[in-house]
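Whatever order the structure lists them in is the order used to number ligands and atoms, beginning at 1.
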Amino acid sequence: MNLYQITTWVHELFRLQVKEEGVYIDATMGNGHDTLFLCEMAGEKGKVLAFDIQERALEATDKLLREHQMRERAGLYLESHVFIDHYAEKESVDGIIFNFGYLPGGDHELATRADTSVKAVDTGLALLKRGGVMALCIYSGGDTGYEEKEKILEYLKALDEKRYLVIMNSFYNRKKDPPLPVFVVKK
Ligand SMILES: C[S@@+](CC[C@H](N)C(=O)[O-])C[C@H]1O[C@@H](n2cnc3c(N)ncnc32)[C@H](O)[C@@H]1O
């Protein structure tokens, strides 16, 4: 295991809390690495719903899942994560991953955005079962992410502590724009 990578860190903690063979959402599909991780957790009995607004992300993820013989475990949707509640019932989802920002090497104009990200997180929390987890990888740096990070943190800070546990991790001594792994558990 390599904890230098925010995604590895998030996957390991996710695995500790979330039961296997459940229903999972990848709210920012990208190149499909989180979708593949969720498909591994889903096993043959679970399922994964994955969303992105770029056709390119669906193609990359489709290819990756086929290479690992896991394509049938996931539904891939060309859809904004703002509408994930059109695809799953309230309190029916075991775990959700958000990996904000832009596709590595891709168009920064197509990065996630503060307003839609906060709305999608709010919608996602309503879909989680009790005991379910939402993992968020929040990035800022260069020309993107600062407003989004601020708005998401503001939203999370205001969540009712009786209903949600919010855990923030930090790459504490990294000086320049460290990524921020956050976990929200629905009590
Ligand atoms: C950092 S990448 C995700 C990385 C990905 N999880 C992986 O494992 O490769 C962020 C992705 O969010 C997508 N995105 C941007 N706005 C979105 C939205 N409103 N709904 C869903 N996906 C969105 C981008 O197109 C981009 O592919």
Side-chain angles (χ1 to χ4, degrees), residues 1-15 18 24-42 47-68 70-71 73-88 93 95-128 133-152 155 171 177-184:
M1 193 193 356
N2 166 9
L3 288 180
Y4 286 76
Q5 291 290 335
I6 183 174
T7 43
T8 314
W9 179 236
V10 161
H11 291 178
E12 291 308 316
L13 281 186
F14 194 87
R15 225 195 287 273
V18 178
Y24 313 112
I25 291 179
D26 183 352
T28 47
M29 193 185 321
N31 286 325
H33 302 290
D34 295 310
T35 311
L36 177 62
F37 163 73
L38 293 173
C39 284
E40 285 162 3
M41 287 218 36
K47 72 170 177 177
V48 180
L49 311 174
F51 299 86
D52 206 292
I53 53 169
Q54 297 192 61
E55 187 73 54
R56 190 181 144 191
L58 270 75
E59 286 165 10
T61 303
D62 178 74
K63 182 166 178 284
L64 186 68
L65 297 186
R66 284 182 197 284
E67 283 166 5
H68 289 81
M70 293 198 192
R71 181 61 186 86
R73 296 183 190 181
L76 308 185
Y77 302 102
L78 187 63
E79 176 78 278
S80 170
H81 42 219
V82 167
F83 301 113
I84 49 179
D85 57 339
H86 296 187
Y87 297 80
V93 177
I96 302 177
I97 295 181
F98 280 90
N99 200 331
F100 297 104
Y102 49 83
L103 261 176
D107 185 350
H108 293 203
E109 290 298 317
L110 297 173
T112 52
R113 306 169 75 95
D115 52 347
T116 42
S117 294
V118 169
K119 194 164 187 314
V121 169
D122 184 62
T123 303
L125 289 177
L127 300 184
L128 276 185
V133 168
M134 180 183 287
L136 305 96
C137 299
I138 307 174
Y139 306 93
S140 53
D143 60 354
T144 48
Y146 295 100
E147 188 200 356
E148 180 179 49
K149 177 174 163 181
E150 189 187 318
K151 295 281 185 220
I152 294 171
Y155 169 85
F171 290 85
D177 297 320
L180 196 56
V182 180
F183 293 85
V184 184

Nearest heavy-atom neighbours spanning H11 and I97: CD2-CD1, 4.3 Å
Please work out whether any backbone atom (N, CA, C, O) or any side-chain heavy atom from C-beta onward of R113 is under 4.0 Å from ligand 1, and answer side chain, backbone, both or neither. neither
For ligand 1, indicate whether the residue P104 contacts it via side chain, backbone, both or neither (heavy-atom separation under 4.0 Å). neither
Distance under 4.0 Å to a non-hydrogen atom of Q54: what atoms of ligand 1 satisfy this? 24 (C), 25 (O)
Shortest non-hydrogen pair, Y102 vs D107, comes out as CB-O, 4.0 Å
Looking only at protein heavy atoms, which one is nearest to atom 7 (C) of ligand 1, and what is the separation? M29 O, 3.5 Å
Specify side chain, backbone, both or neither for F100, according to which of its non-hydrogen atoms lie closer than 4.0 Å to ligand 1. backbone
Do ligand 1 and T28 have nitrogen or oxygen atoms that lie under 3.5 Å from each other? yes
Pairs of nitrogen or oxygen atoms closer than 3.5 Å, one from H81 and one from ligand 1: do any exist? yes
Does A27 come within less than 4.0 Å of ligand 1, judged by its heavy atoms? yes
Test item: side-chain donor near acceptor, Y139 and D177, under 3.5 Å: no
Check whether any heavy atom of T116 sits under 4.0 Å from an atom of ligand 1. no
Please enumerate all residues that pass side chain to side chain donor-acceptor pair (under 3.5 Å) together with D115, with sequence neighbours excluded. none
Provide, to 0.1 Å, the distance between atom 14 (N) of ligand 1 and the closest protein heavy atom, together with that atom's residue and name. T112 CG2, 3.7 Å
When rounded to the nearest 0.5 Å, the distance separating CD1 of I96 from CG of L49 is 9.5 Å
Check this for me - ligand 1, D52, N or O atoms closer than 3.5 angstrom, yes or no? yes
Indicate yes or no: does an N/O atom of H33 lie under 3.5 Å from an N/O atom of ligand 1? yes
among protein heavy atoms, the one nearest atom 19 (N) of ligand 1 is S80 OG, 3.1 Å
For atom 9 (O) of ligand 1, what's the nearest protein heavy-atom neighbour? Residue, atom name and distance, please. N31 N, 2.9 Å
Residues at least two apart in sequence or cross-chain that pass salt bridge (Lys or Arg N to Asp or Glu O under 4.0 Å) with R15, listed by chain then number, are E12
Between NZ of K63 and CZ of R71, what distance do you get to the nearest 0.5 Å? 14.0 Å
Does the gap between the ring centers of Y87 and F51 come in under 6.0 Å? yes
Please list the nearest protein heavy atom to atom 16 (N) of ligand 1 with its residue and the distance rounded to 0.1 Å. I53 CD1, 3.5 Å
Counting non-hydrogen protein atoms only, what is the nearest one to atom 15 (C) of ligand 1? Give residue, atom name and distance. L110 O, 3.3 Å
Give the numbers and elements of all ligand 1 atoms closer than 4.0 Å to a heavy atom of N99. 1 (C), 2 (S), 3 (C), 6 (N), 10 (C)
Do D26 and T35 have side-chain atoms, one donor and one acceptor, less than 3.5 Å apart? yes
Passing option when T61 is tested against L65, L64, L58 for side chain to side chain contact (heavy atoms under 4.5 Å, CB included): L65
Heavy atoms only: give me the nearest N31-A60 pair and the separation to one decimal. OD1-CB, 3.7 Å
